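Everything below concerns the one structure shown next.
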Amino acid sequence: MSAAGAAEAPAVEPAPEAKKASKAGRNLPAAIGVGLLLGAAIIVSLLTVRFLFIGIIAVAIAVGTFEFAGVLRRVADTKVAMIPVLVGGQAMIWLAWPFGREGALTAFVLTVLACLLWRLPQGAKGYLRDISASTFAAAYLPLFGAFAAMLVPPSDGVGRVLTFLIGVVASDTGGYIAGVLGGKHPMAPTISPKKTWEGFGGSLVGGVVAGALTLSLLLDGHVWQGVLFGVAIVLTATLGDLVESLIKRDLGVKDMGTLLPGHGGIMDRLDSLLPSAVVSWLLLSAFVPLG
């Protein structure tokens, strides 16, 4: 073939699978399968013995703590005080069951004190760095997770948990679909290039619809309360996702772990749930007071 003919030859199109992978950004079948399994485990726990859901939270937080601490140790030479954070984290979640926020906050304060003491024998080098990481891990994971546990004990606890979870899932799903189908304008290109304003619009639609339906049907609240709840969940879920992306960029990692095919690690699934749990507890306590 002549040079001219070679120059005129059409460029080879990428394989359909490659296009799909770059657009979707994940192994979609694996992600759906894992999501369905996790959802089924949560539904079974809530519809049988709802307090089993607190156990699911406790396990997820423990695994997430291991993932987070492991990444910090490998790439940033930062040592989280594992024993105090793990034990204290479990105390935050389980004490939130009978004692509410007072139990969780008391356990958090004691955890921070334990971290300060635990790190003392290793000397001054890196002390502030390690204590800061340990305190952040204790607040970001188990303390936030304790607010999800506090949704369970009321008599309408199943409805409260489902309202929280469905809101976050609807926000994530709406944003993912809208972003894949029509995402063109990056929302925070230096933090999460794949997150777009079109995707955020899809999150708003999904979150508001889910909030209006669940809060009115599951908790006998008002539709307007559900709309406000949905907007708040979308904002906190998006914030959680951006914060997690910023942490991973700072550490130079793509995912926090590899435990969940198509998702990454547990931490990569908790990012939008953790801050949303706090806001869910606050708003649902205000909108649907305990009888």
Side-chain angles (χ1 to χ4, degrees), residues 34-35 37-39 41-42 44-46 49-73 78-115 118 132-153 157 160-161 164-165 168-169 172 236-237 239-241 243-244 247-248 251 255-260 263-282:
V34 170
L37 286 175
L38 293 175
I42 291 171
V44 169
S45 70
L46 290 173
V49 180
R50 71 177 188 274
F51 291 101
L52 289 175
F53 180 66
I54 299 179
I56 293 177
I57 296 172
V59 171
I61 292 299
V63 174
T65 301
F66 270 111
E67 287 182 348
F68 185 55
V71 172
L72 287 179
R73 185 177 62 255
T78 299
K79 299 176 182 178
V80 171
M82 284 298 295
I83 300 301
V85 172
L86 283 174
V87 174
Q90 293 302 300
M92 290 179 223
I93 293 166
W94 291 107
L95 289 178
W97 176 359
F99 301 114
R101 59 186 173 184
E102 290 82 5
L105 290 174
T106 300
F108 171 70
V109 172
L110 292 176
T111 299
V112 174
L113 289 174
C115 290
W118 189 269
S132 299
S134 300
T135 303
F136 176 77
Y140 185 56
L141 284 149
L143 184 59
F144 281 15
F147 283 87
M150 285 190 281
L151 293 171
V152 179
R160 290 173 186 265
V161 172
F164 152 58
L165 291 177
V168 176
V169 171
D172 286 351
T236 53
L239 173 64
D241 189 43
V243 167
E244 181 80 0
I247 291 172
K248 290 189 288 189
L251 295 174
D255 293 315
M256 286 291 187
T258 58
L259 181 63
L260 304 177
H263 291 267
I266 288 287
M267 279 290 294
D268 298 295
R269 292 302 89 205
L270 293 176
D271 54 3
S272 56
L273 289 166
L274 290 171
S276 299
V278 180
V279 171
S280 293
W281 183 83
L282 290 171

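Keep in mind that what you see is a predicted model, and the values were worked out from it rather than measured. Just so it is clear, the values below take in all heavy atoms, side chains as well, and ignore hydrogens, waters and symmetry mates. Note that the numbering runs from 1 along the sequence shown for the chain.
Contacts of T65 classified as side-chain hydrogen bond (donor to acceptor under 3.5 Å, both in side chains), with partners at least two apart in sequence or in another chain: none. With sequence neighbours excluded, the residues satisfying side-chain contact (heavy atoms from CB on, under 4.5 Å) with T135 are F108, V112, I131. Evaluation of the ring pair (Phe, Tyr, Trp, His ring centres under 6.0 Å) rule for F144 yields no partner, not counting sequence neighbours. Residues passing the side-chain contact (heavy atoms from CB on, under 4.5 Å) test with V59, sequence neighbours excluded: V63.
One finds the CZ atom of F136 at 9.0 Å from the CG atom of L72 (value rounded to the nearest 0.5 Å). The line from CG of L273 to OG1 of T236 is 9.5 Å long, rounded to the nearest 0.5 Å. Here L141 contributes atom CG and I57 contributes atom CD1; the two are 12.5 Å apart, rounded to the nearest 0.5 Å. Here CG of L105 is found 6.0 Å from CG of L143. Values are rounded to the nearest 0.5 Å. Annotation: the span from F66 atom CZ to I266 atom CD1 amounts to 13.0 Å, rounded to 0.5 Å. Annotation: the span from L165 atom CG to L46 atom CG amounts to 7.0 Å, rounded to 0.5 Å.
Contact between A96 and A146 at its shortest, heavy atoms only, is CB-O, 3.8 Å. When all heavy atoms of F147 and A277 are compared, the closest pair comes out as CB-O, 3.7 Å. The shortest heavy-atom contact between M256 and I247 is CE-CG2, 3.6 Å. Contact detail for S276 and F164: the closest heavy-atom pair is C-CE1, 3.8 Å. The shortest heavy-atom contact between A137 and V80 is CB-CG1, 4.4 Å. When all heavy atoms of G240 and P275 are compared, the closest pair comes out as CA-CG, 3.8 Å.
The closest side-chain heavy-atom distance from P153 to W97 is below 4.5 Å. Side-chain contact between K248 and V71 is absent, with no heavy atoms from C-beta onward closer than 4.5 Å. Within the 4.5 Å cutoff, no side-chain heavy atoms of L270 are placed close to those of E244. For the pair Y140 and M267, the minimum side-chain heavy-atom distance is below 4.5 Å.
Heavy-atom neighbours of F99 CZ from other residues, nucleotides or ligands within 6.0 Å: at or below the threshold of 12. Taking a 6.0 Å sphere around CZ of R101, one finds it holds 12 or fewer heavy atoms contributed by other residues, nucleotides or ligands.
Note on residues 102-111: no pairs pass side-chain hydrogen bond (donor to acceptor under 3.5 Å, both in side chains), not counting sequence neighbours.
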Side-chain polar contacts of residues 81-94 - donor-acceptor pairs under 3.5 angstrom, sequence neighbours left out - could you list them?
{"residue": "Q90", "atom": "OE1", "partner": "W94", "partner atom": "NE1", "Å": "3.4"}
{"residue": "Q90", "atom": "NE2", "partner": "A58", "partner atom": "O", "Å": "3.1"}

